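For reference, the structure discussed in these notes is given below.
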Amino acid sequence: MKIPRLFPALLLLSTLLALAYQAPPECEKIIAPPGLRKISLGSHRHLIALQNGVCQLEIVIPENAVRSVRTAAAELGKYLQQSLGHAIPVLPAPTPGRLSLLLGDQPLSRAAGLDPASLDYDGFLCRSQGTMIFLLGQDDPKANTARDFSWGAFHQRGTLLAVYDFLERFLGVRFFFPGEVGTVVPKHDTLLLPDIDIIERPDYQRRRYTAGTAAWFPEAENDVLYFHKLRMESFYVPNCHSLERLELGERFAATQPDFFSLEDTGRRSLSPDDRWFGSLCYSSPGLRDEVYKDAVAFLLQQPPAARGLKRWSPSAVQKGFFNLMPADHFRHCHCDRCLKFYAAHQDDRGALVWDFIADLCRRGQKDVLPGYFTAMAYGHYRELPALELPDNLLIMVAVRGPWSDLDAASRDQEDAYILGWKEKMQRKPWLWNYCHKGGGAEMPDIPPCTPRSIGNYYRRLNNDICGSFLEAETDHYLFSYLNYYTYSRCSWDTGTDIEALLKEHHQLMFGNGAPEMQKFFDWMENTWLQKIVNRTVMTEIGPKVIPPSDYELWEKIYSPAALAELGGYLDAAEKLAAGDHEALRRLAYFRKYFLGQINAGGEKYH
């Protein structure tokens, strides 16, 4: 592969410029420990929002408000109208005598001494001053929050988070899942507010999950804002098999075959048609040089074309962060250099990978390269290496996670392993956890609903991790929505009382039928953990479940008698909720789409 001639000059110039800089300030903010959380509410509710049929509320945004703030205003107005029964005007300036909700960074908020730049990443504030209530956080001026999804969802939208918090805290709105059934909006004929002084931020910086290709919620439109209602992270720190996304095979296989792993047959996989195409030789000096040049080019904000790439993959790199994780299809190289290294490190199978990573990180330190490298402890290189790792390296740790807690020995082993990485790096790692229908646990039409296990896990580890990615693929979003909800709540605030959270969910969703629906959900969780994924082994590519057979699944676990028992919980809940239209509507929905989906699976078997 030919590197453009001007790259060496650009590289030299950029490297000299880098000597004056450390990591960009936003990088330090993204990985910083949580700052101040302040929740101060006055004892007297004297701010009149709605009383005697008169609504005093108005929403104030500047005429030049960014799209994220306009989205926040639209969401606030929408749910206020549903709750209060009054349309709320949106104005460019406060009206004397009214209670004004001022959104985003604007002249009046700055005059009040409110600076969103002082907040944590994803933080926001809500503060009253006279008859003005300020709701603001940092907002990306380029983002279109109402439409951006996938990679576009990673942008700051602090004012929108402030709005959702206001709706939840003062009106009792709950966003369990998209659509009318999953969104609880209490009706108010009176709304009085206290003096408010709130500074909020997440306990975990890293908060993200995936549902994979799950079927969306029945009867609900696709909701781009669902991700934001759950307060997921606004910045992605890359850490997922990113070396393969640098297209090293495409760029170098033809000209530098020694960059790639040598099989024990004496052959290298150098064709895109080869199964192991792109497998690397991690001892290759030339390979290390080229990957480091990629890192330099990206971290110094050079265009991808300078390195022969069409684009920088967002999965591999983000501003200020460069991931060094090997491809998932790892192949050990059998060249003389690698074999010599392995012979000298027989008790440390992952030593070569960590030597590769540490080498590039040390180069970055020497060159004062602005930013951080990231890597994951995973597969055969998951164990703590003997060598010292530089402090410009951030570590993610792959462990099974919440579903290991059922077994005390597995739980204690994982906890000790996480703590070992924390102590080695003198920095909290973040986790890659597996609560998914994969690795043997695919089983269509069986719910992996384990909210209590998930919530308690992230509460318990709050002193040892800085967050997580929850790999939680499912076949139906409805099966796992309560997993995502409890994950989001306990990742934002690790002091969340999970039992109170679940009790509130059942009560708000099902009214007087809540006790029976608690039995319904408890049955789901206990069955999944104790009878579905209870036999699991950890492999180099994640946990592998030894699943029950179809006969065991549908004749013994989800047997006709068990399905009748689940239907009985819904029957009893409906009787208890008689006369409550909203609760009965939700119970009918769960009978049709939740239990109905399970029954459909049973019918396929029988």
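Any value given below was found using the heavy atoms of this structure, including those in side chains, with hydrogens, waters and symmetry copies removed. Counting from 1, the numbers follow the sequence of the chain as shown. Predicted model only: the values in this text are computed from it and were never measured.
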Least distance between heavy atoms, [X] atom then [Y] atom:
X: S118; Y: D115; result: OG-O, 2.6 Å
X: I59; Y: L103; result: CG2-CD1, 3.9 Å
X: A583; Y: G511; result: CB-N, 4.0 Å

task = Scan residues 122-133 for pairs that pass salt bridge (Lys or Arg N to Asp or Glu O under 4.0 Å), counting only residues two or more places apart or in two chains.
result =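 Every pair satisfying salt bridge (Lys or Arg N to Asp or Glu O under 4.0 Å) with a residue in residues 122-133: D122-R207, R127-D197.
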Ring centroid separation for [X] and [Y], is it under 6.0 angstrom?
X: F510; Y: F520; value: no
X: F235; Y: F154; value: no
X: H505; Y: Y481; value: yes
X: W430; Y: Y204; value: no
X: F594; Y: F479; value: yes
X: Y589; Y: Y593; value: yes
X: H476; Y: F217; value: no
X: Y226; Y: F177; value: no

task = Please step through ring-ring contact (aromatic ring centres under 6.0 Å, His included) for the pair Y79 and F166, ending with a clear verdict.
result = CA-CA 11 Å; Y79 290 108; F166 179 86; over 10 Å; no
With sequence neighbours left out, which residue pairs that include part of [range] fulfil the side-chain hydrogen bond (donor to acceptor under 3.5 Å, both in side chains) condition?
range: residues 437-446; value: K437-D475, D445-Q597, D445-K604
range: residues 128-137; value: none
range: residues 157-169; value: E75-Y164, D139-T159, R157-H228, D165-R169, D165-R231, E168-R231, E168-R489

request  = Starting from the C-alpha separation in whole Å, work towards a yes-or-no answer on salt bridge (Lys or Arg N to Asp or Glu O under 4.0 Å) for R174 and E504.
outcome  = CA-CA 10 Å; R174 293 293 181 269; E504 179 192 72; 3.0 Å; yes
ask   = What distance do L230 atom CG and L225 atom CG have between them, rounded to the nearest 0.5 Å?
value =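 The CG atom of L225 is 11.0 Å from CG of L230, to the nearest 0.5 Å.
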request  = Could you tell me the separation between the CD atom of Q51 and the CG atom of L191, rounded to the nearest 0.5 Å?
outcome  =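 One finds 10.0 Å between CD of Q51 and CG of L191.
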ask   = Got more than 12 heavy atoms from elsewhere within 6.0 Å of NZ, K29?
value =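 Atom NZ in K29 is packed in, count exceeds 12.
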Can you list the residues that meet the ring pair (Phe, Tyr, Trp, His ring centres under 6.0 Å) rule with [X], with sequence neighbours excluded?
X: W523; value: Y558
X: Y209; value: Y484
X: W403; value: W528
X: H46; value: H44

task = Could you tell me which residues satisfy side chain to side chain donor-acceptor pair (under 3.5 Å) with D223, sequence neighbours excluded, listed by chain and number?
result =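 Here the qualifying residues are K229.
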key: Qualifying residues under side chain to side chain donor-acceptor pair (under 3.5 Å), relative to T71, sequence neighbours excluded   =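 For T71 there are no side chain to side chain donor-acceptor pair (under 3.5 Å) partners, ignoring immediate neighbours.
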Please check if any side-chain donor atom of [X] sits under 3.5 Å from a side-chain acceptor atom of [Y], or the reverse.
X: Y458; Y: N433; result: yes
X: S404; Y: E414; result: yes
X: T536; Y: R400; result: yes
X: T474; Y: H436; result: no
X: W216; Y: E221; result: no

Between [X] (side chain) and [Y] (backbone), is there a donor-acceptor pair under 3.5 Å?
X: D497; Y: A500; result: yes
X: T486; Y: N483; result: yes
X: S109; Y: Q106; result: yes

query = Is K531 salt-bridged to E552, going by a charged N under 4.0 Å from an acidic O?
reply =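 No, no charged N to carboxylate O under 4.0 Å.
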message = Please determine whether a side-chain nitrogen of the Lys or Arg among R67 and D140 lies less than 4.0 Å from a carboxylate oxygen of the Asp or Glu.
response =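 Salt bridge: no.
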message = Could you work out, with side chain to side chain contact (heavy atoms under 4.5 Å, CB included) as the rule, every residue matching E58, not counting sequence neighbours?
response =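 Expected list: V60, P89, L91, P94, T95, R98, S100.
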ask   = L114 and R110: side-chain contact (heavy atoms from CB on, under 4.5 Å), yes or no, with the steps?
value = CA-CA 5 Å; L114 305 179; R110 290 192 289 273; over 6 Å; no
query = Who passes salt bridge (Lys or Arg N to Asp or Glu O under 4.0 Å) against R70, sequence neighbours left out?
reply =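 R70 satisfies salt bridge (Lys or Arg N to Asp or Glu O under 4.0 Å) with no other residue.
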